[in-house]
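Since the structure comes first, as structure tokens, the remarks are kept for the end.
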Amino acid sequence: MQDITNSASLLGQKGYDLIFISENTASEYMADIADKYPDTMFVLPEGWITDRENVVSIVFSNNEVGFVCGAYAALMNEQLGGSSAPGWVGGIRNPILQQTEYSTLAGAKYVGGDLNIVYLGSYSDIPKAKEVAYGMYNDGCGIVAAYAGAASSGVYQAAEAFDSGKYAMGCATGQFHISPERIIASNVKSIDTVNYEICRQFAEGTLKSGEYRASLSNGGVSIRYSPDEKLNQLTPQEIKDQIEEIAGKINSGEIVPPTTEEEYNTFIGTLK
């Protein structure tokens, strides 16, 4: 944290116009730095500073992409010969990850499915993640979604331990390179797309301070299918079309994916 603070201050002193901060918890200490360098625009990932004229806080719509990924996981789990209840392995329970948890569960419920949810209590315990995911696969899951940081590798290893028919969903940038034959799809935060758009708006003089919402509609978040042609073809076009239709309903506001347990319970009450 001290390194980030020092670097941000140094770049501000040098008069840089636009500075991207890489630390997700930067909002805890960037307000004071922003005040010292009012002519510099600071961009914070997962930020929550919205009351400074020179701070842009990127907020990823985890609930939107979680919802479509939940629907996909339920549909594909059934497509692979299992039930409509795929697995979901998280790291440490926190408000941001719970947005994905409740929205993914809501997406699965929306298409008539469910979700087996387990938190590891760690973002680094690969053996535990592998053990949990292996148990899910043995119990009939064909899909297990990984939201456990470095421990997600354990989920992919569990899928690879089976000869065939067991797949995982990645997160973050896709992670397809980690397990190219088993990560069938991924919840993706398109940081490159978001940063490019912020740079474009800044260059054109249209960038506004406050919250920058990275959503399905602007490509800031998305579900991405495996770049491997053989693996990609395992997902029927009908399912891809259904997921696209659901995304369209989210973009139009017809579906508002929940972010909390309370919102989830309200949402479930609207389903027939």
Side-chain angles (χ1 to χ4, degrees), residues 4 19-27 30 42-50 55-73 88-107 119 123-124 129 143-153 155-156 168-180 183-202 207 210-227 243-244 246-247 250-251 255-260:
I4 293 290
I19 298 175
F20 287 83
I21 306 299
S22 61
E23 175 58 56
N24 286 355
T25 60
S27 293
M30 281 304 301
F42 294 91
V43 182
L44 313 180
E46 304 286 7
W48 61 84
I49 297 177
T50 58
V55 176
V56 175
S57 288
I58 301 171
V59 179
F60 290 94
S61 295
N62 299 311
N63 60 323
E64 293 184 357
V65 67
F67 193 95
V68 294
C69 285
Y72 172 83
W88 189 97
V89 178
I92 299 174
R93 192 185 302 271
N94 62 66
I96 291 178
L97 187 52
Q98 283 185 293
Q99 290 180 17
T100 303
E101 173 195 350
Y102 288 117
S103 60
T104 305
L105 181 55
Y119 276 97
Y123 282 113
S124 59
I143 298 282
V144 176
Y147 292 92
S152 293
S153 293
V155 175
Y156 310 146
M169 291 187 69
C171 60
T173 59
Q175 301 182 326
F176 296 106
H177 64 287
I178 300 178
S179 185
I183 299 181
I184 194 169
S186 183
N187 174 326
V188 173
K189 291 182 179 180
S190 300
I191 298 173
D192 53 347
T193 299
V194 173
N195 287 350
Y196 172 83
E197 182 60 20
I198 288 175
C199 288
R200 184 189 67 78
Q201 291 183 19
F202 182 80
L207 181 63
E211 178 181 295
Y212 180 94
R213 176 67 60 171
S215 63
L216 285 176
S217 61
N218 62 22
V221 294
S222 64
I223 180 172
R224 189 174 298 170
Y225 303 110
S226 170
I243 296 304
E244 186 175 351
I246 291 171
I250 292 173
N251 292 338
I255 295 175
V256 180
T259 60
T260 65

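Source: prediction; values computed, not measured.
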Calculate, to the nearest 0.5 Å, the distance between atoms CG and OG1 belonging to Asn62 and Thr100 respectively.
-> 4.0 Å

Supply the atom-to-atom distance Phe60 CZ to Glu46 CD, rounded to the nearest 0.5 angstrom.
-> 6.0 Å

Among Ile250, Asn187, Thr104, which residue meets the side chain to side chain contact (heavy atoms under 4.5 Å, CB included) test with Val65?
-> Asn187

Could you check Ile19, Val194, Val55, Ile58 and say which one makes a side chain to side chain contact (heavy atoms under 4.5 Å, CB included) with Val43?
-> Ile58

Looking at side-chain heavy atoms only, is the closest gap between [X] and [Y] below 4.5 Å?
X: Tyr147; Y: Cys69; result: yes
X: Met169; Y: Gln175; result: no
X: Ile243; Y: Ile223; result: yes
X: Tyr102; Y: Asn63; result: no
X: Tyr119; Y: Glu101; result: yes
X: Ile198; Y: Phe20; result: yes
X: Thr173; Y: Lys189; result: no
X: Arg224; Y: Ser190; result: yes

Quick check: closest heavy atoms across [X] and [Y], and the distance to 0.1 Å?
X: Tyr212; Y: Val56; value: CB-CG1, 3.7 Å
X: Gly174; Y: Ser186; value: CA-OG, 3.2 Å
X: Phe176; Y: Ser226; value: CE2-CA, 3.5 Å
X: Glu211; Y: Thr50; value: N-CG2, 4.1 Å
X: Ile92; Y: Tyr123; value: O-OH, 3.1 Å
X: Ser27; Y: Gly47; value: OG-CA, 3.2 Å

Quick check: does any side chain N or O of Ser57 sit under 3.5 Å from a backbone N or O of Ile49, one acting as donor and the other as acceptor?
-> yes

Under 3.5 Å: donor-acceptor pair, side chain of Asn218, backbone of Ser215 | yes

Are the aromatic rings of Phe67 and Tyr72 close, with centres under 6.0 Å apart?
-> no

Arg200: salt bridge (charged side-chain N to carboxylate O under 4.0 Å, His left out) partners, not counting sequence neighbours | Glu197, Glu204

Sequence-distant partners of Glu64, salt bridge (charged side-chain N to carboxylate O under 4.0 Å, His left out), two or more places apart | none

Gln201, CD atom: more than 12 neighbouring heavy atoms under 6.0 Å | yes

